[in-house]
Amino acid sequence: MGEFELIDRFFRGVALEGAGEPSAVILGIGDDAALLNIKPGQQLVISTDSLVQGTHFPDEYSPDDLAYRAVAVAVSDIAAMAGRPLAFTLALTLPEVNESWLARFAAGLTAAARDFEISLVGGDTTRGPLNIGVTVLGRIRRGQEMRRQGARPGDLLCVGGPLGDGAAGLSVVLGESLPSSLDEADRAYLVKRFWRPQAQCGLGLELARVASAGLDVSDGLLADAGHLARESAVALHIVGAALPCSPALKRWPEAQRLEWMLTGGDDYVLLFTLPPASYERLDVWRSAGWPVSVIGKAMPGEGVWLDAGKGPERFDRRAGYQHFQGTKDV
Ligand code: ADP
Ligand code: MG
């Protein structure tokens with residue numbers, strides 16, 4: 001099968017008719033490049049992510065989950081800028097042309113394209129070790145983007161959903177030893193959280209001009225909070241007892257749970273700061289169904305501080321989270 005036939009059979013169908021904003025895509029797959037329409041007063045927001053086999057995903061995977069995850073993690077970066085995703089491109093490197101693999105991969109791509117309301121508008125297909133590169137293009141009204149910089153002392157530190165599920169999900173996927181109380185539904189929930197993360201696009205749009213700073217949690221809460229603290233030149237104080245934890249994650253002993261909530265990556269929930277003038281938005285979001293939690297506060301100073309029950313202690317990347325273990329009731 002040649003490259004053109006492959007693209008026709010498997011990828012042209014992911015160019016969803018009317019996905020997202022109907023007028024956004026002028027020209028999609030099939031020409032030398034795609035054309036998007038950007039309305040006056042808007043700016044493009046662009047993010048690329050690559051998944052490399054052996055580095056970014058386990059060898060035990062199904063092609064549809066892999067495709068979904070590749071799109072979801074790239075879309076999450078657009079949500080983390082408070083942008084609206086419009087379209088995506090796919091740079092796919094394949095060791096071989098395997099039709100059943102490609103059909104399943106395309107099904108996962110289509111599922112993600114539908115869920116995130118974006119259309120596949122182009123890409124590149126080459127031969128080599130398996131590598132999936134996704135670029136998502138989005139838009140945002142000029143000057144309304146949410147950056148990592150901008151948090152001020154007094155702002156509340158908030159997170160858009162439960163933490164630690166990505167790491168727990170990976171543990172389930174890898175078949176590591178699991179708590180006996182973990183039932184089939186918990187397992188399914190966590191595996192889905194790992195393979196099909198739900199980029200928080202709706203919440204991201206709410207945060208435009210409302211949050212003072214923000215990003216998505218991909219490296220782990222403490223590491224990502226560190227990025228925000230550094231870029232905003234504030235200290236971030238986190239209260240361990242306030243960290244949101246899913247019922248499935250609660251099956252693990254506390255020390256493991258805490259480790260994953262603080263340092264496990266792959267959660268793809270939004271982490272942001274809310275200035276006092278916007279505190280009342282919290283109730284609005286919660287009644288709209290967004291599981292937003294206040295987990296701490298920005299203060300004068302620097303670094304990330306965790307109060308795990310014994311008063312605030314500074315998180316040091318080299319010392320790691322072990323420092324906080326052995327504390328109780330967080
Ligand atoms: P060119 O040689 O001009 O770069 P290609 O043969 O690489 O063109 O691609 C032909 C068309 O197919 C282009 O519109 C390109 O964007 C699209 N395309 C190629 N690979 C993919 C892919 N993996 N997913 C989606 N579109 C693709
Ligand atoms: Mg090409």
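Read the numbers this way: they start at 1 and go in the same order the structure lists the ligands and their atoms.
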message: Side chain or backbone, does Gly30 bring an N or O within less than 3.5 Å of an N or O on ligand 1?
response: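 Such a contact does occur with ligand 1.
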
Original post:
What about Phe11: any of its N or O atoms under 3.5 Å from an N or O on ligand 1?
Top reply: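 The answer is no, given that Phe11 and ligand 1 share no N or O pair closer than 3.5 Å.
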
I'd like to check which ligand 1 atoms, numbered from 1 as shown, lie under 4.0 Å from a non-hydrogen atom of [X].
X: Ile7; value: 12 (O), 18 (N), 19 (C), 20 (N)
X: Leu120; value: 24 (N), 25 (C)
X: Phe4; value: 6 (O)

Fill in: Best match, Val134, Asp32, Asp31, Ile29: closest heavy atom to atom 13 (C) of ligand 1
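When every heavy atom of Val134, Asp32, Asp31, Ile29 is considered, Asp31 comes closest to atom 13 (C) of ligand 1.
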
Check whether the side chains of [X] and [Y] place a donor and an acceptor atom closer than 3.5 Å, and report yes or no.
X: Gln149; Y: Ser232; result: no
X: Glu206; Y: Trp285; result: yes
X: Ser62; Y: Asp64; result: yes
X: Asn37; Y: Ser23; result: no

- Going only through I, L, V, M, F, W and Y residues with side-chain contacts under 4.5 Å, is there a path from Leu51 to Phe116?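 They do share one cluster, since a chain of ILVMFWY contacts under 4.5 Å joins Leu51 to Phe116.
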
